[in-house]
Chemist: 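Just passing along the structure, written as C-alpha cells.
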Amino acid sequence: PNNTNDLLEVAADRRSVGTKVRINLPFRNQELLLKQGDVIYLNTDGFIDQCDRNRQNFGSANFRKLVKQNLHFPLSVQKQEYEKAFANYM
C-alpha cells in the first residue's frame with residue numbers, strides 16, 4: 001500500500017486445523033516489504049463467520065469495511081471499535 005488508508009490483503013493457504021484427516025500439504029512462503037508505520041493485521045474466520053440472531057454471517061466484506069473505516073485510529077481505539085461493531089451485530 002502507498003498510503004495510510006490502504007489495505008493490502010494477502011491470501012492465506014486454506015488449511016483446516018480441526019480435521020482428523022492428516023494431509024501433509026506444505027504452506028507457501030510469502031514475503032512482504034514493510035515500511036516504517038505499516039501495521040499487520042492477522043485474523044481467523046471467527047469474526048467473519050460469527051452469526052447474528054438471524055443466522056447471518058458478519059462476512060468478509062463487512063470485516064474489510066470495518067478495518068478500512070478504522071485504519072487511521074490508534075490500535076487501542078480500533079480494538080474498541082471492533083468490539084462495539086461485534087456487540088452491535090449480535
Chemist: Can you get from Val77 to Leu75 by hopping between Ile, Leu, Val, Met, Phe, Trp and Tyr side chains that sit under 4.5 Å apart?
Modeler: no
Chemist: Would you please name every residue forming a side chain to side chain contact (heavy atoms under 4.5 Å, CB included) with Asn29, sequence neighbours left out?
Modeler: none
Chemist: What residues form a ring pair (Phe, Tyr, Trp, His ring centres under 6.0 Å) with Phe58, not counting sequence neighbours?
Modeler: Phe47, Tyr89
Chemist: Please report the shortest heavy-atom distance between Leu71 and Tyr41, naming the atom on each side.
Modeler: CD2-OH, 3.6 Å
Chemist: CD/Glu83 to CG/Asn88 distance, rounded to the nearest 0.5 angstrom?
Modeler: 12.0 Å
Chemist: Taking side chain to side chain donor-acceptor pair (under 3.5 Å) as the definition, give me every residue that meets it alongside Gln30, ordered by chain and number, with sequence neighbours left out.
Modeler: none
Chemist: Which ILVMFWY residues are connected to Leu33, directly or by a chain of links, through side-chain heavy atoms under 4.5 Å apart?
Modeler: none
Chemist: Can you list everything that forms a side chain to side chain contact (heavy atoms under 4.5 Å, CB included) with Gln50? Sequence neighbours excluded, please.
Modeler: Phe86, Met90
Chemist: Using side-chain heavy atoms (C-beta onward) and a distance below 4.5 Å, is Ile48 in contact with Asn43?
Modeler: yes
Chemist: Side chain to side chain contact (heavy atoms under 4.5 Å, CB included) with Leu42: which residues, sequence neighbours excluded?
Modeler: Ile40
Chemist: Got a sec, which residues hit side chain to side chain donor-acceptor pair (under 3.5 Å) with Glu9, two or more places apart in sequence or on another chain?
Modeler: Arg64
Chemist: Quick one: salt bridge (charged side-chain N to carboxylate O under 4.0 Å, His left out) partners of Lys65, sequence neighbours excluded?
Modeler: none
Chemist: Applying salt bridge (charged side-chain N to carboxylate O under 4.0 Å, His left out), can you list everything that pairs with Glu31, at least two apart in sequence or on another chain?
Modeler: none
Chemist: Please say which of Gln80, Lys79, Gln78 ends up in a side-chain hydrogen bond (donor to acceptor under 3.5 Å, both in side chains) with Tyr82.
Modeler: Gln78
Chemist: Kindly write out the residues that satisfy salt bridge (charged side-chain N to carboxylate O under 4.0 Å, His left out) with Arg28, not counting sequence neighbours, or none if the list is empty.
Modeler: Asp13
Chemist: Glu81: what forms a side chain to side chain donor-acceptor pair (under 3.5 Å) with it, not counting sequence neighbours?
Modeler: Lys84
Chemist: Please tell me whether Val39 and Leu7 are part of a single hydrophobic cluster in this structure, the criterion being side-chain heavy atoms less than 4.5 Å apart.
Modeler: yes
